[in-house]
Amino acid sequence: MSAAGFMPDEAAIAGIKKDLEVYQAERDAIRLSTWWRVPLYLGGLIVAVLVLALIFNLAADPAEVWVSTPHVYLYAAVFVAAFFAYFRAVKPVELANASFRNKLLPIVFGFIENMRLGKGDVPATFAKLPRETIGDYSDSQFDDIISGKYEGFTFELYETAAWRRVEKSDVTLFDGIIVAFDMAKPFPGILVATLKTNTVMGFFREMFGGMEEIRSGGALDEAYDFRSDNVAAAQPLVSGQMAQALTWLKEAWPGEPARIALSGKDGFLLLPHKKDFFELPASNVALDYKAHIEPMIADMAAILATASLVRKIGS
């Protein structure tokens with residue numbers, strides 16, 4: 001299994017680069033506009049103040065030229081107006097920066113069909129994730145959510161953290177990426193592969209009340225706890241394709257060992273990692289395909305390649 005096969009082809013990459021060039025040109029044009037908007041707005045305000053101050057001088061006592069009561073009020077009003085003028089001048093840049101992620105990520109992942117981008121909401125597929133995979137969490141948090149279709153299968157990918165309050169501290173049960181997808185062949189029941197050494201298994205083993213333990217018969221049994229409510233259907237997978245997938249993941253995934261959950265037609269791949277895979281450069285940094293974009297595309301290709309491998313378990 002290789003992630004290289006999931007990289008977009010040259011035509012798709014050329015399209016991404018072209019869209020990036022257009023987007024970068026738009027950003028540059030907006031930034032350039034502030035170079036004249038700021039001095040124009042503030043300069044115009046200064047001229048207006050100077051004219052009003054001269055008019056006030058005509059009616060002011062000779063000893064109060066430039067410092068009469070009307071002048072003081074004028075200077076105070078100008079001080080406040082200067083802030084409004086400045087923020088008015090830079091508003092286009094602020095609006096562009098605010099929409100930076102929403103505009104850039106669809107360009108970066110333009111090779112994904114029907115791509116949808118979200119942030120912070122609870123993903124639709126999360127409710128289908130077997131609770132046994134993570135454990136009895138009390139709180140969860142979601143960051144970037146990306147869904148769409150690529151290489152023949154639909155998916156929903158989200159950055160997730162889940163934890164439980166134990167006494168006076170929070171115990172992290174999962175922190176990383178979850179990929180949800182339709183299985184190539186539905187599994188008749190629930191089958192989960194999680195870590196024996198994970199906090200889930202140490203504190204919340206009672207959650208597996210209706211699940212029976214299965215052994216792969218290999219080295220994976222030392223690290224993984226396999227459980228299912230359909231042992232007859234699960235045993236061949238645990239000894240075969242699931243064991244092969246987890247062995248490959250152990251070598252390919254740089255973070256904590258991955259977890260897998262199958263529930264009917266729904267499949268889940270959990271990839272623990274502290275990295276922010278979709279971190280973008282600062283909005284005032286010129287985009288560079290090699291430095292900023294290509295690594296994100298490569299990470300997405302690797303994750304989707306891994307999910308594609310898992311979804312074929314049992315087929």
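FYI, side chains are in, hydrogens and waters are out, and symmetry mates aren't considered; it's all heavy atoms of this structure.
One N or O on the side chain of Asp221 and one on the backbone of Ser216 form a donor-acceptor pair closer than 3.5 Å. At least one donor-acceptor pair closer than 3.5 Å links the side chain of Arg116 to the backbone N or O of Asn114. Side-chain atoms of Glu156 never come within 3.5 Å of backbone atoms of Ser147 as a donor-acceptor pair (strictly under, hydrogens ignored). Checking side-chain atoms of Asp175 against main-chain N and O of Pro272 turns up no donor-acceptor pair under 3.5 Å. At least one donor-acceptor pair under 3.5 Å links the side chain of Asp229 to the backbone N or O of Ile190. Side chain of Ser308 to backbone of Leu304: no donor-acceptor contact under 3.5 angstrom is found.
Taking 4.5 Å as the limit, some side-chain heavy atom of Trp66 sits within range of a side-chain heavy atom of Leu54. By the 4.5 Å heavy-atom criterion applied to side chains, Phe111 and Ile13 are not counted as neighbours. Looking at Phe109 and Met296, their side chains come closer than 4.5 Å, going by heavy atoms from C-beta outward. At a threshold of 4.5 Å between non-hydrogen side-chain atoms, the residues Glu213 and Asp225 count as touching. Looking at heavy atoms from C-beta onward, Val179 lies out of side-chain contact with Thr306 at the 4.5 angstrom threshold. Counting only heavy atoms from C-beta outward, the side chains of Ile313 and Leu191 never approach each other to under 4.5 Å. In this structure, Met300 and Val108 have side chains that are not in contact, with every pair of non-hydrogen atoms separated by 4.5 Å or more. Side-chain contact between Ile134 and Leu270 is present, with at least one heavy-atom pair separated by less than 4.5 Å.
Taking a 6.0 Å sphere around OH of Tyr73, one finds it holds 12 or fewer heavy atoms contributed by other residues, nucleotides or ligands. Around NZ of Lys119, the count of heavy atoms belonging to other residues, nucleotides or ligands within 6.0 Å exceeds 12.
Annotation: salt bridge (Lys or Arg N to Asp or Glu O under 4.0 Å) contacts of Lys17 (sequence neighbours excluded): none. In terms of the side-chain contact (heavy atoms from CB on, under 4.5 Å) criterion, residue partners of Pro188 (sequence neighbours excluded) are, by chain and number, Asn230, Ala233. For Val122, the side-chain contact (heavy atoms from CB on, under 4.5 Å) partners two or more places apart in sequence, or in a different chain, are Phe126, Phe142.
The hydrophobic clustering, which links ILVMFWY residues whose side-chain heavy atoms are closer than 4.5 Å, places Trp163 and Leu195 apart.
With values rounded to the nearest 0.5 angstrom, Leu262 atom CG is found 7.0 Å from Ile260 atom CD1. We find the CD-CZ distance between Glu222 and Arg215 to be 9.0 Å, quoted to the nearest 0.5 Å. With rounding to the nearest 0.5 Å, the separation of CZ in Arg259 from CZ in Phe268 is 14.0 Å. Atom-to-atom distance recorded for Asp288:CG and Glu294:CD is 9.5 Å, nearest 0.5 angstrom. For the atom pair Asp139 CG and Thr172 OG1, the distance stands at 11.0 Å (nearest 0.5 Å). One distance of note links CZ of Phe155 with NZ of Lys149; it measures 12.0 Å at 0.5 Å rounding.
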Fill in: Candidate pair Phe226 and Met242, rule side chain to side chain contact (heavy atoms under 4.5 Å, CB included), full reasoning
CA-CA 10 Å; Phe226 300 95; Met242 179 172 280; 4.0 Å; yes
Worksheet item: For Leu52 and Val78, what are the C-alpha separation, side-chain angles and deciding distance, and is it a side chain to side chain contact (heavy atoms under 4.5 Å, CB included)?
Response: CA-CA 11 Å; Leu52 287 174; Val78 169; over 6 Å; no
Worksheet item: Going through the distances and angles, do Tyr158 and Thr125 end up as a side-chain hydrogen bond (donor to acceptor under 3.5 Å, both in side chains)?
Response: CA-CA 10 Å; Tyr158 33 97; Thr125 57; 3.0 Å; yes
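The shortest heavy-atom contact between Gly314 and Leu237 is CA-CD2, 3.5 Å.
Under a cutoff of 6.0 Å and an axis angle of 45°, Arg131 and Tyr137 form a cation-pi pair.
Salt-bridge formation is not detected for the pair Arg164/Asp170: no Lys NZ or Arg NE/NH1/NH2 atom is positioned less than 4.0 Å from an Asp or Glu carboxylate oxygen.
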